[in-house]
Amino acid sequence: MPARSGLAIMKRILLTTVFRPFCVEGPYDSALHQVQHGSCHRQFTREQGVFTIHQQCSHLGLHLIAANVEADVEVVEYPSLEELEGMLRDAVAEGRPYDWVGVGTVAAYLPKAQVICERVRALSPTTRTAVGGAGGLAIGDLVPQFSDEVCVGDGVAFMRQLLAQDPGAPFVHPPLWSVHFPNEIFSFRANSAAWSIALAMGCERRCPFCSTSAQFGGRRTRLFEDGAALMSAIERLEDEYDGPGDAPPALQLMFFDENFLSDEAFARDFLDHNRRALEAGKLYLPFVFADARAVSRFTPEELLEMGIDSLWIGWEDSEGGGYAKNEGVDFPALVQRLQGHGIKVIVSFMAGRDDQTPESIIHDVEQALELGAAAFQYAMVCPMPGTATFETLRAQDRLDLRRLDHIGMSHYIVKHDRFDDPGLRAHTTEFHRRDYERHGPMSLRYLKLRFEGYKRHRRSERPALRARARGFRHDMMDSMAALSTGTVFSPTPALRQESHALLRSFARELPRGEAYREWRRKEISTSSFGRFLLFTSPVAEPVLRRWLKARILRWDPRSRDRCGSLLGLLRHHQACVDELRHGMMPFDQPVLVVTRYPGEAPA
């Protein structure tokens with residue numbers, strides 16, 4: 001953290017997200033809105049029934065600000081309005097009210113941000129307020145300014161200026177998990193939690209729909225000087241690991257950079273350092289965002305040696321959307337080539353653009369299904385305030401802006417001759433359902449790709465690639481829950497048979513020894529009947545979840561009063577699963593998380 005001067009009374013700051021609950025129809029929210037605390041629920045694992053992944057993501061931007069200002073800062077994530085009010089009252093009662101309350105929000109949740117600012121003024125009159133995030137672009141435009149200050153762009157420099165500190169002071173990256181709790185599927189860990197690392201702010205591609213480009217004026221600013229500096233930061237994170245037990249054999253990373261591979265010199269410098277780390281037995285596995293043209297400059301082997309585990313690539317449509325980032329790239333061949341080496345590819349594309357017709361979006365869907373990507377984000381066009389797309393459509397009087405909470409991927413606010421909101425929403429839902437029934441759940445696709453990478457590179461002449469193959473094998477051995485359950489719950493007989501075949505093939509590849517025996521113990525335990533029930537019960541609402549666990553895992557004769565018999569209990573349980581399999585999966589509301597970044601005691 002920046003050096004604390006201790007020459008004056010340390011400012012006290014509260015940085016918060018908007019308040020829960022989310023996705024509940026009411027004055028501040030829409031029941032159809034994108035889940036704010038996770039990207040999987042209504043995006044990557046949408047329509048995937050019992051394989052829906054539940055998560056609670058951290059808000060990196062708030063933590064970056066907190067770690068880079070000289071102040072006593074509390075980062076509050078997913079509070080209820082009552083919890084926020086209690087914190088404000090307590091601070092006033094202690095005689096040390098907050099100097100600033102900062103709220104990070106998107107445009108859809110500006111009404112919630114406004115309520116927070118009003119409560120701050122009522123409960124702590126000396127406290128000033130600031131609002132930032134993507135929603136900052138809409139303040140003073142779609143809504144009058146309701147906070148004392150508005151941040152657009154670099155939040156660290158903005159907050160330093162408010163506190164009369166040097167905006168160009170050295171940048172420090174805090175250790176931060178990308179999710180507060182490991183992703184869950186069947187109530188068990190779906191994958192290791194990943195460290196979040198902000199590599200750059202902004203994007204120079206200037207896609208007309210991109211909110212990030214709009215916030216930073218089409219500029220991209222790197223936060224690390226070179227690959228060596230990035231590798232040093234990763235090694236510090238490993239040293240500071242504070243999870244259960246020893247540091248995991250593979251360190252999962254989330255690189256927050258809109259186009260990590262666009263700076264080829266930086267990426268190749270990091271490649272050299274990570275190749276040496278792999279050869280030394282270290283596995284640093286980043287999830288990265290990149291465009292197709294930047295990705296195509298590297299071979300799959302180089303990307304593996306860079307440690308890349310997953311790539312998110314914007315496809316936009318089967319014709320490339322006319323964007324420079326896709327020019328000259330055979331996208332289907334690129335996806336096939338990457339996934340053939342074990343790299344998971346997440347593809348995003350859009351429905352409802354001006355140049356699309358009902359026939360063309362059907363063509364896009366068929367082409368996407370042929371891609372067979374590890375996961376998809378297929379969303380309706382969502383013009384965001386401040387972007388070129390938003391300004392163009394507004395000038396044509398083609399935006400329905402009656403409800404701010406409809407600005408986002410879950411509602412179609414464009415007035416279009418050929419599309420409407422209900423029709424496009426049904427269309428995107430149908431795509432995700434067909435993708436699930438054709439290619440299976442995301443968790444099983446991931447395992448299949450890991451197995452492909454293992455088989456291809458286990459005997460490679462390059463030590464770094466052999467190290468990646470060992471990592472693929474470890475992931476397979478650690479993920480028997482999803483694979484074993486896939487033999488039962490995959491949506492079609494063909495996919496269930498494929499899961500069985502993958503289990504058998506992987507068993508043949510394992511060397512007979514302690515590792516094999518451990519794997520067999522995991523596979524048998526996760527396939528057993530009682531375990532099977534435990535894995536599937538958490539798809540229900542929390543009350544049902546607790547009831548099922550209590551009755552099934554600790555059998556109580558009193559449950560006969562409810563279900564009549566053990567067979568009745570099992571049928572009741574299966575009916576709950578079947579009912580939820582084809583609908584929009586329920587989700588748990590996030591829980592309050594408070595992180596303190598204390599300043600030094602005042603002199």
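Count residues from 1 along the sequence. Only heavy atoms go into these numbers, but all of them, side chains included; no hydrogens, no water, no symmetry mates.
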| Between Glu70 and Gln165, is there a donor-acceptor pair closer than 3.5 Å when you use the side chain of the first and the backbone of the second? | no
| field | Heavy-atom donor-acceptor pair, Ser147 side chain to Glu149 backbone, under 3.5 Å | value | yes
| note | Rounding to 0.5 Å, atoms SG (Cys203) and CZ (Phe216) come to a distance of 11.0 Å
| task | State, with a plain yes or no, whether a side-chain heavy atom of Leu261 is found less than 4.5 Å away from one of Ile308. | result | yes
| Looking at CZ of Phe376 and CZ of Arg46, how far apart are the two atoms once the value is rounded to the nearest 0.5 Å? | 13.5 Å
| Donor-acceptor pair, Thr392 side chain versus Thr389 backbone, under 3.5 Å? | no
| request: Salt-bridge test for Glu305 and Arg462: reply yes if a basic N is under 4.0 Å from a carboxylate O, no otherwise. | output: yes
| Got Leu142 and Arg394 here, is their nearest side-chain heavy-atom distance under 4.5 Å? | yes
| said: Please check: side-chain N/O of Arg12 versus main-chain N/O of Asp72, any donor-acceptor pairing under 3.5 Å? | reply: no
| message | As a test of understanding, state which of Val103, Val75, Val76 forms a side-chain contact (heavy atoms from CB on, under 4.5 Å) with Leu62. | response | Val75
| Centroid-centroid under 6.0 Å between Phe22 and Tyr109 rings | yes
| query | Counting only N and O atoms by type, is there a donor-acceptor contact under 3.5 Å from the side chain of Thr105 to the main-chain atoms of Val18? | reply | no
| message | I'd like to know if the side chain of Ser124 and the backbone of Val120 have a donor-acceptor N/O pair within less than 3.5 Å. | response | no
| note | In short, salt bridge (charged side-chain N to carboxylate O under 4.0 Å, His left out) pairs touching residues 104-117 with sequence neighbours left out are Asp29-Lys112
| said: When you measure from the side chain of Arg160 to the backbone of Asn68, do you find a donor-acceptor pair of N or O atoms at a distance under 3.5 Å? | reply: yes
| request: Indicate yes or no for a side-chain donor-acceptor contact from Ser58 to the backbone of Ser178 under 3.5 Å, with no hydrogens or angles considered. | output: yes
| Backbone N or O of Glu225 within a donor-acceptor pair of the Arg222 side chain at under 3.5 Å? | yes
| query | Would you call Asn274 and Lys282 a side-chain contact if the rule is heavy atoms closer than 4.5 Å? | reply | no
| Does any N or O in the side chain of Asp148 come within less than 3.5 Å of the main-chain N or O of Ala130, such that one atom is a donor and the other an acceptor? | no
| message | Using side-chain heavy atoms (C-beta onward) and a distance below 4.5 Å, is Pro208 in contact with Thr387? | response | no
| Side-chain heavy-atom pair Leu271, Glu302 within 4.5 angstrom cut-off | yes
| task | Find out whether Phe298 and Arg268 are in side-chain contact, i.e. whether some heavy atom of one side chain is under 4.5 Å from a heavy atom of the other. | result | yes
| salt bridge (charged side-chain N to carboxylate O under 4.0 Å, His left out) pairs, two or more places apart, involving residues 195-216 | Arg205-Asp291
| field | Beyond-backbone contact of Ile65 with Ile13, side-chain heavy atoms, under 4.5 angstrom | value | no
| Is there a side-chain contact between Arg119 and Phe19 (heavy atoms, below 4.5 Å)? | no
